[in-house]
Number of protein chains: 2
Amino acid sequence: MSEVQLKDALDALKTNGVRITPQRHAILEYLISSHLHPTADEIYKSLESDFPSMSVATVYNNLRVFRNVGLIKELTYGDASSRFDFVTHDHYHIICDECGTIVDFHHPGLEEVERLASYMTGFQVNSHRLEVYGTCPACSNVNVQ
Amino acid sequence: MSEVQLKDALDALKTNGVRITPQRHAILEYLISSHLHPTADEIYKSLESDFPSMSVATVYNNLRVFRNVGLIKELTYGDASSRFDFVTHDHYHIICDECGTIVDFHHPGLEEVERLASYMTGFQVNSHRLEVYGTCPACSNVNVQ
DNA sequence: TAAACTAATTATAATGATTACAATGAAGTA
DNA sequence: TACTTCATTGTAATCATTATAATTAGTTTA
């Protein structure tokens, strides 16, 4: 786990006047160390042994706080649970249609697309979302057999 | 409304062995004529006067059928309702952060990004999803005043 | 340090979109 | 016409997420 990332995140919280509680510390630590894009429930279950009395509402509340501060991004997929991604450098996601695995890949931002969309629609553009879908190597191998 | 699109859609259903019921006809017609990316509930409410006894489950069931046949795309946004988009030529969406309006814009497909993602991750790529977010002209004007 | 104030946590109930289920109805086929 | 299959209906169930109210813990100030 990157201690630097954790320290920066805690500083960001302080700057925003957000108290640092043991639960928040643990959730942040988990988000930084696990690169698995966990759901709220996965975080809750993972921290259950360390915080037996923690409520699932606490996880949701704090994920919202972290998102508002800009520390994490929420990845939403219809009726399935949201997944949460600690914000580092710019990257996009590729998602396996079979097993749901999410893998990061680096690619320059699509500023040109943003510019064009803005020009064609008259919107002021803030951001964009890009995801690629396909079959991961593991699932491809299974299918072959 | 494009009669050609409706005819093609009905043909596609027949080819796939899907019966064409009055409800399905009406839902399809609504999806083609309205370019508002409606939710299941909006479709349900709009057809209520013509089909007083139609169940909301029928709308959901048939949207799933249409999606499986490839006639429509489901646009998902976390815990909010899914929106449904009749598939025509390639286009992406730009969405207003303030009011949620969805506007189509045309842009060449991002095959290069798909290729790069595939190369970097070893995935077989099937598709991608791109959305741009910003503020629509109407909301921009409101903010100025 | 102790009191006072504010924010966070907890447990639980409520919400709301979507799906599952069983019964009824309609379409296609022999 | 009878049979089989699929679609629709109404309702109950599911499940992620949020709201609420009470309790607890941090922070600030005297």
Side-chain angles (χ1 to χ4, degrees), chain A residues 9-30 37-69 71-84 100, chain B residues 9-10 12-30 37-69 71-85 100:
Chain A
L10 294 174
D11 286 348
L13 289 182
K14 257 185 216 154
T15 305
N16 283 271
V18 176
R19 289 183 185 166
I20 292 151
T21 64
Q23 292 91 335
R24 286 185 175 155
H25 198 284
I27 295 172
L28 263 186
E29 214 172 304
Y30 184 80
H37 313 87
T39 63
D41 201 60
E42 283 167 5
I43 297 172
Y44 173 65
K45 290 218 164 59
S46 300
L47 301 180
E48 212 166 25
S49 52
D50 292 335
F51 296 85
S53 73
M54 185 169 66
S55 165
V56 70
T58 299
V59 177
Y60 278 102
N61 288 340
N62 289 330
L63 288 172
R64 189 171 352 146
V65 169
F66 297 161
R67 189 193 54 196
N68 291 343
V69 172
L71 288 177
I72 63 175
K73 276 202 175 176
E74 182 173 0
L75 314 173
T76 63
Y77 304 102
D79 52 341
S81 302
S82 288
R83 297 189 162 274
F84 295 89
Chain B
L10 293 173
L13 290 182
K14 257 184 217 157
T15 305
N16 282 271
V18 176
R19 288 183 187 165
I20 292 152
T21 64
Q23 292 91 334
R24 285 184 176 157
H25 197 283
I27 296 172
L28 262 185
E29 213 171 305
Y30 185 80
H37 314 86
T39 64
D41 202 59
E42 284 166 5
I43 297 172
Y44 173 65
K45 290 218 164 58
S46 300
L47 301 180
E48 213 166 24
S49 53
D50 291 335
F51 297 84
S53 74
M54 185 168 66
S55 166
V56 71
T58 299
V59 176
Y60 277 103
N61 289 340
N62 289 330
L63 288 173
R64 188 169 356 142
V65 169
F66 298 160
R67 189 193 55 197
N68 291 343
V69 172
L71 288 177
I72 63 175
K73 277 204 176 176
E74 183 174 359
L75 314 173
T76 63
Y77 305 102
D79 52 340
S81 302
S82 288
R83 298 190 161 273
F84 295 89
D85 189 27

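Atoms considered below: every heavy atom in the structure, side chains included; atoms not considered: hydrogens, waters and symmetry mates. Numbered from 1 within each chain, the chains take letters A, B, ... in sequence-line order. The model shown is predicted, which means the values in this text are computed figures rather than measured ones.
- The nearest whole Å value for the distance from the CZ atom in B:Arg19 to the P atom in C:dA27 is 9 Å.
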Go through the steps for B:Val18 and B:Phe66 under the test side chain to side chain contact (heavy atoms under 4.5 Å, CB included), then give the verdict.
CA-CA 9 Å; B:Val18 176; B:Phe66 298 160; 5.7 Å; no

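- Taking only side-chain nitrogens and oxygens, A:Ser55 never comes nearer than 4.0 Å to OP1 or OP2 of C:dT9.
- Put simply, B:Thr21 has no side-chain N or O that comes within less than 4.0 Å of OP1 or OP2 on D:dC6.
- The two residues A:Phe84 and A:Glu74 have their closest heavy-atom pair at CE2-CG, 3.7 Å.
- Remark: P of D:dC6 and CG of B:Asn16 are 14 Å apart, rounded to the nearest angstrom.
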Polar atom pairs between nucleotides 18-21 of chain C and protein, under 3.5 Å, N or O only, would you list them?
from   : atom 1 : to      : atom 2 : distance (Å)
C:dT18 : OP1    : B:Ser82 : N      : 2.9
C:dT18 : OP1    : B:Ser82 : OG     : 3.3
C:dT18 : OP2    : B:Tyr60 : OH     : 2.4
C:dT18 : O5'    : B:Tyr60 : OH     : 3.4

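- Minimum interatomic distance between B:Val56 and B:Tyr44 (heavy atoms only, all atoms of both residues): N-CE1, 3.6 Å.
- The CD-C1' distance, from A:Glu42 to D:dT17, rounds to 16 Å in whole Å.
- Residue contacts shown for B:Thr58 include a base, since a base heavy atom lies under 4.0 Å away.
- For B:Gln23, no side-chain nitrogen or oxygen approaches OP1 or OP2 of C:dA26 to under 4.0 Å.
- Each of B:Ile20 and A:Phe51 was assigned the nucleotide of DNA chain C with the nearest heavy atom; the assignment lying further toward the 5' end belongs to A:Phe51.
- You'll find the side chain of A:Val59 stays beyond 4.5 Å of the side chain of A:Leu47, heavy atoms only.
- Spacing between atom CG of B:Asp50 and atom C1' of D:dT8 amounts to 17 Å, rounded to whole angstrom units.
- Side-chain atoms of B:Arg24 never come within 3.5 Å of backbone atoms of B:Asn62 as a donor-acceptor pair (strictly under, hydrogens ignored).
- As rounded to whole Å, 16 Å separates atom P of D:dC15 from atom OH of A:Tyr44.
- The two residues B:Leu75 and B:Asp85 have their closest heavy-atom pair at CD1-CB, 4.2 Å.
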Practice task
Tell me, with the steps shown, if A:Leu63 and A:Ile43 meet side chain to side chain contact (heavy atoms under 4.5 Å, CB included).
Solution key: CA-CA 10 Å; A:Leu63 288 172; A:Ile43 297 172; 4.0 Å; yes

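- Set against C:dT10, D:dG26, C:dT9, the side chain of A:Met54 has C:dT10 as its closest nucleotide.
- In this entry the distance linking CG of A:Asn62 with C1' of C:dA8 reads 8 Å, nearest Å.
- The interatomic distance linking B:Leu63 (CG) with D:dT8 (P) rounds to 11 Å, in whole Å.
- Taking atom CD1 of B:Ile43 as the reference point, atom P of C:dA17 lies 14 Å away to the nearest angstrom.
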